[in-house]
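Below: the structure, in structure tokens.
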Amino acid sequence: MSLQAPRGTRDILAPDSARLRALVEAFASAAELAGYGQVVSPMFELIEVFRRVGEATDIVSKEMYQFRDPGDRHLALRPELTASLARAFVQHRPTLPWKAWYEGPQFRYEKPQAGRFRQFNQVGAELFGSDDPQADVEVIALAWRFCTGLGLRKLRLAVNSLGDRADREAYLAALAAYFEGRSAELSAQGRETLGRNPLRLLDSKRPEDRAVVASAPVIDDYWSEAAAAHFGAVLAGLEALGIPFERNQRLVRGLDYYRRTAFELASDALDGAQDAVGGGGRYDGLVADLGGPDTPGVGFALGVDRLLLACDAEGVFPAPSGAADVFVVDVTGGGEATLLAEELRRTGVRVQRAFDGRSMKAQMKAADRSGARWALLVGDDELADGVVSLRRMRGHEATASGESIQRQIPRAAVAAEVARLVAGSTGDGSTQ
RNA sequence: UUGACCGUAGCUCAGUUGGUUAGAGCGCCGGGUUGUGGUCCCGGAGGUCGGGGGUUCAAAUCCCCUCGGUCAACCCA
């Protein structure tokens, strides 16, 4: 193979692409049900947008696709969408609260693995302009409702609070001091992490580190009264809604802008290191960091590709059927098929046909495989008599009516008759 | 960025002490008499053995490089 999709990217072909679209549509309706409106933002931004929100994180420091355009602007393909949304908020200053959802590809220069791509899709939602813990609850509930609505059952919701800015800094200092004191017990890589960001050590998977982490200071002791009250209200809200969650004192998220609430959704159906399907939290300082008025916000993003992997693993959310309603078999040259197909498609019927003047046997075979419920047969006899043979395909037998497998109908009545049949059999639209 | 395993027809894979025209199943195409699908039978198309270089009389098979995939670390969706 000579040319192929760039590393970490892929083509999503027919049944899978329909499934992806169905998932996005499911998210759209869940989000809009809760009053979130879609934002379609640019695929690339001035690099400052991302630099300002996460200079210390790998995502913006070394995983960004960046380039200069012909006008010498320094741009980056978006590695995440919360920053873009915050930028859009600052630019447009919509009335509060501003509730927005989004979907689309994002780009990170990483080594690809299963469930990790250089171009990947996320869906997400953000709520700007409210401090209310009920806002956190609404956002988490939206993520939960959507995921369980897909049919996923083996989901774990982990929640934590990182406290306010001052709490977080005090905790970070205490954590650093603690780890410094026991740095001899840490793994070599753990010591490196300590130098960069002690918080990250909390979710280390190395046994040496875990032993040290086990008796590390916990964030709870550093919460301000307000932050503690906020978190308590969030947990109470989740309980009131019957959303199961587990408190994870070690949960820290990948981006540094989180304050107070942080949460993560993981799937037990996914094995390996990539079991997180999404997460989010509160980012009360983010808008200000981007030059806007001090505005609180809370939101989340879900990895579409991983969600679909999880659906595969749980055997839920199948691809929608691409089956045709009708297959036109024309052995008179194909012109009739063109006319019939177009006529029927104009009435909203899904029509498939063959090309290249293939034999009746071959066309019937294709009709069978297309999943069509009916075949319309046009041969020399039909053409001469001004009729079309309507045949019910095997596997799509009539339910109770005593209608014959095949019958002739006048050419002029085809559209009306097929429309009637299709409308009357919307039963099993999801033949897989 | 580090390490491990892997890369043969559209798909899933056989094919190692290196040796004649590289195989199977599925899929695809055609046929099994006059215009009808599944199964069955027969036939056919389709492969730079990921790519490049090297060793050798001879390489899919050995060596090096490279690209790609998978897994793990790192990081994260």
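A, B, ... follow the sequence lines: proteins, then strands. Residue 1 opens every chain.
- Ring geometry, A:Phe107 versus A:Tyr65: the interplanar angle exceeds 60°, so the pair is classed perpendicular (tilted spans 30 to 60°).
- Atom name C1', nucleotides B:C11 and B:C76: the rounded distance is 32 Å, in whole Å.
- Note on A:Arg10 versus A:Asp16: no salt bridge recorded, every NZ/NE/NH1/NH2 to OD/OE distance being 4.0 Å or above.
- When side chains are defined from C-beta on, A:Tyr109 counts as touching A:Arg118, because their heavy atoms get closer than 4.5 Å.
- When the P atom is compared between B:U8 and B:G47, the two are found 16 Å apart, to the nearest whole Å.
- Residue contacts for A:Lys62: at a heavy-atom cut-off of 4.0 Å it reaches no nucleic acid atom on any strand shown.
- At least one donor-acceptor pair closer than 3.5 Å links the side chain of A:Arg306 to the backbone N or O of A:Gly115.
- Nucleotides B:A24 and B:G46 are separated by 15 Å at their C1' atoms, to the nearest Å.
- Side-chain atoms of A:Glu103 and A:Val304, non-hydrogen and from C-beta on, never get closer than 4.5 Å to each other.
- Relative to the side chain of A:Gln189, the nucleotides B:G69, B:A73, B:G68 differ in distance, and B:A73 lies closest.
- The shortest distance between side-chain heavy atoms of A:Leu344 and A:Leu376 falls below 4.5 Å.
- Remark on RNA chain B: of its neighbouring residues A:Ser359 and A:Thr9, the 5'-side contact belongs to A:Ser359, judged by nearest-heavy-atom nucleotide.
- Taking side-chain N and O atoms only, A:Arg358 has a distance below 4.0 Å to OP1 or OP2 of B:C29.
- With both ends at atom P, the span from B:C65 to B:U70 equals 22 Å, rounded to whole Å.
- Taking atom C1' in both B:C49 and B:G18, one finds a spacing of 14 Å when rounded to whole Å.
- In this structure, A:Glu63 reaches the sugar-phosphate backbone alone: every heavy-atom distance under 4.0 Å involves primed, P, OP1 or OP2 atoms, never a base.
- The heavy-atom pair separating A:Asp330 from A:Ala337 by the smallest distance is OD2-N, 3.0 Å.
- Between B:G54 and B:A72, the distance separating the two P atoms is 38 Å to the nearest Å.
- Using a 4.0 Å heavy-atom cutoff across all strands shown, A:Gly115 reaches at least one base atom of the nucleic acid.
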Listed pairs, N/O of protein and of nucleotides 34-37 of chain B, under 3.5 Å:
from: B:G35; atom 1: O6; to: A:Asp381; atom 2: OD2; distance (Å): 2.3
from: B:G35; atom 1: O6; to: A:Glu382; atom 2: OE1; distance (Å): 3.3
from: B:G35; atom 1: N1; to: A:Glu382; atom 2: OE1; distance (Å): 2.9
from: B:G35; atom 1: N1; to: A:Glu382; atom 2: OE2; distance (Å): 3.1
from: B:G35; atom 1: N2; to: A:Glu382; atom 2: OE2; distance (Å): 3.3
from: B:U36; atom 1: O2; to: A:Arg391; atom 2: NE; distance (Å): 3.2
from: B:U36; atom 1: O2; to: A:Arg391; atom 2: NH1; distance (Å): 3.4
from: B:U36; atom 1: N3; to: A:Gln406; atom 2: OE1; distance (Å): 3.1
from: B:U36; atom 1: N3; to: A:Gln406; atom 2: NE2; distance (Å): 3.3
from: B:U36; atom 1: O4; to: A:Gln406; atom 2: NE2; distance (Å): 2.7
from: B:G37; atom 1: O2'; to: A:Asp368; atom 2: OD2; distance (Å): 2.9
from: B:G37; atom 1: N7; to: A:Arg391; atom 2: NH2; distance (Å): 3.3
from: B:G37; atom 1: O6; to: A:Arg391; atom 2: NE; distance (Å): 2.8
from: B:G37; atom 1: O6; to: A:Arg391; atom 2: NH2; distance (Å): 2.7
from: B:G37; atom 1: N1; to: A:Arg394; atom 2: N; distance (Å): 2.6
from: B:G37; atom 1: N2; to: A:Asp368; atom 2: OD1; distance (Å): 2.9
from: B:G37; atom 1: N2; to: A:Arg394; atom 2: N; distance (Å): 2.8
from: B:G37; atom 1: N3; to: A:Asp368; atom 2: OD1; distance (Å): 3.3

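- Listed by first and then second residue, the salt bridge (Lys or Arg N to Asp or Glu O under 4.0 Å) pairs involving residues 315-326 of chain A are A:Asp325-A:Arg373 (not counting sequence neighbours).
- Between A:Ala34 and A:Lys99, the closest heavy-atom pair is O-NZ, 2.9 Å.
- Contact between A:Cys147 and A:Leu265 at its shortest, heavy atoms only, is SG-CD1, 4.0 Å.
- On the P atoms, B:G15 is 11 Å away from B:G7, given to the nearest whole Å.
- Across B:A60 and B:A73, the matching P atoms stand 38 Å from one another, rounded to whole Å.
- Contact annotation: A:Arg7 reaches the phosphate of B:G69 (side-chain N/O to OP1 or OP2, under 4.0 Å).
- Looking at RNA chain B, the stems built from 3 or more consecutive Watson-Crick or G-U wobble pairs, each pair with its key distances under 3.5 Å, are B:1-7 with B:67-73, B:10-13 with B:23-26, B:28-32 with B:40-44, B:50-54 with B:62-66.
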